[in-house]
Amino acid sequence: ALWVEQGMPIIGLDLAGPESVNPLSDPAKLEEMQELYRLAGPRVGRTVHCGETRHIDLSTFLATLEALQPQRVGHPLAALRALWEDDDDRGLPWMSEHGVVAELCMLSNLLTGAVQRVEEYGPILDTLDRYRVQYTFSTDAPALQKSTLASELGSLLKVGAARPEQLERSFEAAARSTFLLRRPGL
């Protein structure tokens, strides 16, 4: 890709956007994204936002992860829904076995209706822990949502949806999964 050839400081790619518009269940769209990720090369980190809403089922979730081979996946709620609603746990072991880190965005999940209450994060974190899926916490648009990561983490602790040791593990996972370390000289 041109930015790689010119040494431009691109450290990561992220597939994001409304899942209702581009759910990647269309093989042609998925192949297009796969080609973009391939062109980026192995030194560029890869994230996909996939599975926050019900527009993404487990089959599409897994096909997306297998095709794009991300290091991180934002909002992997499709894998949790499949386990809880259909007793299908294929998504979580896949993430664990491939070292894919879950990026969790509490306020975004509440605003999209993917999660109804902050307290629902307790079972989410406990399930990710049980399947040994590493996770981090992020904010999708703090300026627009008038939120900070600290306030969101505080909310999780206040209602008992997260334990301090879970937040500590998430910070460790964030440090290990940063794309900044992929850059020469960093």
Peer 1: So does Lys158 pair up with Glu119, basic N to acidic O under 4.0 Å?
Peer 2: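 A salt bridge is absent here (no side-chain N lies under 4.0 Å from a carboxylate O).
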Peer 1: Quick one: pull up CD in Gln69 and CD in Gln34 and give me the separation to the nearest 0.5 Å.
Peer 2: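 With rounding to 0.5 Å, CD (Gln69) is 8.5 Å from CD (Gln34).
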Peer 1: So, for Val73 and Cys50, which heavy atoms are closest and what is the spacing to 0.1 Å?
Peer 2: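 Minimum heavy-atom contact is CG2-O, 3.8 Å.
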Peer 1: Could you check whether any side-chain N or O of Ser155 sits under 3.5 Å from a backbone N or O of Ser151, counting only pairs where one atom can act as donor and the other as acceptor?
Peer 2: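 Answer holds: yes.
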Peer 1: Which heavy-atom pair separates Phe61 from Gly91 by the least distance, and what is that distance?
Peer 2: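 Scanning both residues completely, I find the closest heavy atoms to be CE2-CA, 4.5 Å.
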Peer 1: Look up atom CD in Gln166 and atom CG in Leu125, then write down how far apart they are to the nearest 0.5 Å.
Peer 2: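 Taking CD in Gln166 and CG in Leu125, the distance rounds to 5.0 Å.
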Peer 1: Is the side chain of Thr127 donor-acceptor paired with the backbone N or O of Pro123 at a distance under 3.5 Å, no angle test?
Peer 2: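 Looks like yes, one N/O pair under 3.5 Å.
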Peer 1: Has Ser170 got a side-chain atom pairing as donor or acceptor with Leu167's backbone, closer than 3.5 angstrom?
Peer 2: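 At least one qualifying donor-acceptor pair exists.
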Peer 1: Pro164 and Leu157: which non-hydrogen atoms are nearest, and at how many Å?
Peer 2: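 Closest heavy-atom pair between Pro164 and Leu157: N-CD2, 3.9 Å.
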Peer 1: Examine distances only and state if a side-chain atom of Thr139 and a backbone atom of Leu149 form a donor-acceptor pair shorter than 3.5 Å.
Peer 2: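 No: the side chain of Thr139 does not pair with the backbone of Leu149.
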Peer 1: Looking at Ser59, is its backbone amide N or carbonyl O close enough to the side chain of Asp57 to form a donor-acceptor pair, meaning the two atoms are under 3.5 Å apart?
Peer 2: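 Side chain of Asp57 to backbone of Ser59: a pair is present.
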Peer 1: Under a 3.5 Å threshold, yes or no: a donor from one side chain and an acceptor from the other, between Glu52 and Ser108?
Peer 2: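 A pair is found: one side chain offers a donor N or O, the other an acceptor, under 3.5 Å apart.
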Peer 1: With a sphere of 6.0 Å drawn around CG of Asp86, does it hold more than 12 non-hydrogen atoms of other residues, nucleotides or ligands?
Peer 2: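 Result for CG/Asp86: enclosed.
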Peer 1: Around atom CZ of Arg130, are there more than 12 heavy atoms of other residues, nucleotides or ligands at under 6.0 Å?
Peer 2: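 Result for CZ/Arg130: enclosed.
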Peer 1: Check whether Glu19 reaches the backbone of Thr53 with its side chain - one donor and one acceptor, N or O, closer than 3.5 Å.
Peer 2: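 Between the backbone of Thr53 and the side chain of Glu19 there is a qualifying donor-acceptor contact (under 3.5 Å).
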Peer 1: Output, in order, the C-alpha distance, side-chain angles, deciding distance and verdict of salt bridge (Lys or Arg N to Asp or Glu O under 4.0 Å) for Glu31 and Arg38.
Peer 2: CA-CA 10 Å; Glu31 285 178 24; Arg38 188 193 66 72; over 6 Å; no
Peer 1: Please assess Leu30 against Leu68 for the test side chain to side chain contact (heavy atoms under 4.5 Å, CB included), listing each intermediate value before the final yes or no.
Peer 2: CA-CA 8 Å; Leu30 187 54; Leu68 302 183; 4.3 Å; yes
Peer 1: Salt bridge or not for Glu172 and Arg169, using N-O below 4.0 Å?
Peer 2: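 Looking at Glu172 and Arg169, the cut-off is not met.
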Peer 1: Do Val101 and Leu92 belong to the same hydrophobic cluster, where Ile, Leu, Val, Met, Phe, Trp and Tyr are linked whenever their side-chain heavy atoms lie under 4.5 Å apart, directly or via other members?
Peer 2: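 No; Leu92 is not reachable from Val101 via cluster members.
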Peer 1: Could you check Ile11 against Val44 for side chain to side chain contact (heavy atoms under 4.5 Å, CB included), going step by step and ending with a plain yes or no?
Peer 2: CA-CA 5 Å; Ile11 60 169; Val44 176; over 6 Å; no
Peer 1: So Trp94 and Asp89, side chain to side chain contact (heavy atoms under 4.5 Å, CB included) or not? Walk me through it.
Peer 2: CA-CA 9 Å; Trp94 195 99; Asp89 75 348; over 6 Å; no
Peer 1: Is there a donor-acceptor pair closer than 3.5 Å between any side-chain N or O of Asp88 and the backbone N or O of Arg90?
Peer 2: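 Flag set: sc Asp88 to bb Arg90 pair under 3.5 Å.
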Peer 1: Is the backbone N or O of Asn109 less than 3.5 Å from a side-chain atom of Thr112, with the two atoms forming a donor-acceptor pair by type?
Peer 2: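 Yes, the answer is positive, given that a donor and an acceptor are paired below the 3.5 Å cut-off.
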Peer 1: Do Arg72 and Phe179 form a cation-pi contact, if we require the NZ or CZ to be under 6.0 Å from the six-membered ring centre and within 45 degrees of the ring's axis?
Peer 2: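 That pair qualifies as a cation-pi contact.
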Peer 1: Please report the closest heavy-atom contact between Leu58 and Ala82, naming both atoms and the distance.
Peer 2: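 It is CD2-CB, 3.6 Å.
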Peer 1: Report yes or no: do Glu103 and Ser138 form a side-chain donor-acceptor pair below 3.5 Å?
Peer 2: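 Ser138 and Glu103 do not have a side-chain donor-acceptor pair below 3.5 Å.
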Peer 1: How are the rings of Tyr135 and Phe137 set relative to one another: parallel (under 30°), tilted (30 to 60°) or perpendicular (over 60°)?
Peer 2: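 Perpendicular.
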Peer 1: Taking Arg81 for the side chain and Gly51 for the main chain, is one N or O donor matched with an acceptor at less than 3.5 Å?
Peer 2: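 Yes, Arg81 side chain to Gly51 backbone: donor-acceptor pair under 3.5 Å.
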Peer 1: Return the CD1 to CG distance between Ile124 and Leu77, rounded to the nearest 0.5 Å.
Peer 2: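 If we round to the nearest 0.5 Å, Ile124:CD1 and Leu77:CG are 5.5 Å apart.
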Peer 1: Can you name the closest pair of heavy atoms from Ala173 and Thr136 and give their distance?
Peer 2: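 Shortest heavy-atom contact: C-CG2, 3.9 Å.
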Peer 1: State plainly whether the residues Arg163 and Asp126 are in salt-bridge range, i.e. N to O under 4.0 Å.
Peer 2: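 Answer for the salt bridge query: yes.
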Peer 1: Roughly how far apart are Leu111 CG and Cys105 SG, rounded to 0.5 Å?
Peer 2: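 One gets 11.0 Å once the value is rounded to the nearest 0.5 Å.
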Peer 1: Does a side-chain heavy-atom distance below 4.5 Å link Thr47 with His49?
Peer 2: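 SC-SC contact between Thr47 and His49 confirmed.
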Peer 1: CE of Met95 to CG of Leu65: how many Å apart, nearest 0.5 Å?
Peer 2: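 With rounding to 0.5 Å, CE (Met95) is 7.0 Å from CG (Leu65).
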Peer 1: When rounded to the nearest 0.5 angstrom, what distance separates CG in Leu104 from CD in Glu152?
Peer 2: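 Atom-to-atom, Leu104:CG and Glu152:CD are 11.0 Å apart.
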Peer 1: Ignoring hydrogens, what is the shortest heavy-atom contact between Tyr121 and Leu156? Give both atom names and the distance.
Peer 2: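 Residues Tyr121 and Leu156, closest heavy atoms: CB-CD2, 3.5 Å.
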